[in-house]
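Single-structure report; data block below.
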Amino acid sequence: MRHPVVMGNWKLNGSKEMVSDLLKGLNAELEGVEGVDVAVAPPALYIDLAEREIAAGGNKIILGAQNTDLNNSGAFTGDMSPAMLKDFGASHIIIGHSERREYHAESDEFVAKKFAFLKENGLTPVLCIGESEAQNEAGETEAVCARQIDAVINTQGVEALEGAIIAYEPIWAIGTGKAATAEDAQRIHASIRAHIAAKSEEVANKVVIQYGGSVKPENAEAYFAQPDIDGALVGGAALDAKSFAAIAKAAATAKKA
Ligand code: 13P
């Protein structure tokens, strides 16, 4: 049985007040909730504050981040390393988000290097993959996802995916309110798992595959009812404690059933 993981990607949103309020709210909302791992990825500047708020709430929430550099220290102005993330208790690190692929020209190969460096440092990569609207309309979704995963498999072996998280985020569904249907998402998740199973059934059966793209409390249950959807990577709805907790609770309930 795969354990569901629901993660909030806060993107470039926050202030000291917002981070404190949101985490205090989440600490309260998640009291007694079991059967789901709940993680948050605040902007880097707020990871210190987030670590303290999470500890004050009894460490029910996993701390994450939205990016990493390929070095642990040195002359790399403006960057942030796995060693530093670990220093603040962050473990689940988002890489390859479509916004970084687009605005920072991050290639599959570059993302795969980040994946390897996170593993080397004992951190959990949350590898984002997914197709654009044009690729979707051209029927290229499965091929795009396979190519993005192969950048890791072909350089590090399929075993590298063990303990990692894959987040399938169709780009056209991100922040648009135009979520993939649960059935379409399930079909793609199954194809991603089958692609990995062709190399190792064991790894494929274990790897957590999240769906991301306009996940809300209203549609979360339908996703989690699907056998190959093991959680969610949530943007907008993760900025509200009640909404995000409702999504986490939906995962816990659905995967217990
Ligand atoms: P939204 O939930 O706002 O669509 O964002 C999804 C996302 O990009 C999470 O990484």
Side-chain angles (χ1 to χ4, degrees), residues 4-14 18-19 22 26 36-44 46-47 50 61-68 85 90-104 106 108 111 114-115 118 123-133 135-136 141 144-145 148-149 164-182 184-185 188-189 192 208-224 226 229-251:
V5 184
V6 171
M7 182 160 189
N9 174 9
W10 295 1
K11 307 191 180 184
L12 188 56
N13 295 291
M18 179 273 216
V19 169
L22 181 49
L26 276 178
V36 59
D37 283 351
V38 181
V40 296
Y46 297 106
I47 287 175
I61 301 167
I62 296 169
L63 185 57
Q66 302 172 18
N67 192 23
T68 177
L85 292 167
S91 60
H92 287 44
I93 317 300
I94 298 169
I95 51 169
H97 193 282
S98 59
E99 287 147 20
R100 291 211 62 88
R101 291 180 192 263
E102 183 180 353
Y103 307 137
H104 299 268
E106 294 195 6
D108 293 344
V111 173
K114 290 189 176 188
F115 189 104
L118 288 174
L123 296 173
T124 302
V126 179
L127 173 66
C128 298
I129 60 171
E131 83 287 5
S132 67
E133 184 142 49
Q135 289 166 329
N136 183 279
T141 299
V144 169
C145 292
Q148 290 174 333
I149 291 177
I165 295 172
I166 294 171
Y168 168 60
E169 298 204 308
I171 298 168
W172 47 270
I174 295 175
T176 58
K178 215 170 86 179
T181 66
D184 282 347
I188 304 307
H189 280 231
I192 293 167
V208 166
I209 309 179
Q210 298 173 321
Y211 168 77
S214 299
V215 176
K216 308 283 172 214
E218 301 76 45
N219 61 17
E221 205 182 318
Y223 290 117
F224 302 141
Q226 306 294 329
I229 302 182
D230 309 316
L233 186 55
V234 186
L239 299 173
D240 178 83
K242 276 202 178 0
S243 295
F244 185 55
I247 294 168
K249 288 174 197 170

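All values derive from a computational prediction rather than experimental measurement. Every number for a ligand or one of its atoms is a count from 1 in the order of the listing.
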Exercise for the section: Test Ile188 against Tyr211 for side chain to side chain contact (heavy atoms under 4.5 Å, CB included), laying out the working first. Expected result: CA-CA 10 Å; Ile188 304 307; Tyr211 168 77; over 6 Å; no
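- Annotation: the span from Ile192 atom CD1 to Ile209 atom CD1 amounts to 5.5 Å, rounded to 0.5 Å.
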List below, pair by pair, the N or O atoms of ligand 1 and of the protein that are less than 3.5 Å apart, including the distance to 0.1 Å; reply 'none' if no pair qualifies.
from: ligand 1; atom 1: 2 (O); to: Gly235; atom 2: N; distance (Å): 2.9
from: ligand 1; atom 1: 3 (O); to: Gly236; atom 2: N; distance (Å): 2.8
from: ligand 1; atom 1: 4 (O); to: Gly175; atom 2: N; distance (Å): 2.6
from: ligand 1; atom 1: 4 (O); to: Ser214; atom 2: N; distance (Å): 2.7
from: ligand 1; atom 1: 5 (O); to: Lys11; atom 2: NZ; distance (Å): 3.4
from: ligand 1; atom 1: 8 (O); to: Lys11; atom 2: NZ; distance (Å): 2.8
from: ligand 1; atom 1: 8 (O); to: His97; atom 2: NE2; distance (Å): 2.8
from: ligand 1; atom 1: 8 (O); to: Glu169; atom 2: OE1; distance (Å): 3.4
from: ligand 1; atom 1: 10 (O); to: Asn9; atom 2: ND2; distance (Å): 3.0
from: ligand 1; atom 1: 10 (O); to: His97; atom 2: NE2; distance (Å): 3.0
from: ligand 1; atom 1: 10 (O); to: Glu169; atom 2: OE1; distance (Å): 3.2
from: ligand 1; atom 1: 10 (O); to: Glu169; atom 2: OE2; distance (Å): 2.9

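- Under the ring pair (Phe, Tyr, Trp, His ring centres under 6.0 Å) criterion, Phe115 pairs with no residue, sequence neighbours left out.
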Exercise for the section: Quick one: do Thr176 and Glu133 satisfy side chain to side chain contact (heavy atoms under 4.5 Å, CB included)? Show the steps, please. Expected result: CA-CA 12 Å; Thr176 58; Glu133 184 142 49; over 6 Å; no
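- Between Tyr168 and His189, the ring-plane angle classifies as perpendicular under the 30° and 60° cut-offs.
- Judged purely by atom type and a 3.5 angstrom limit, Asn219 uses its side chain to pair as donor or acceptor with the backbone of Ser214.
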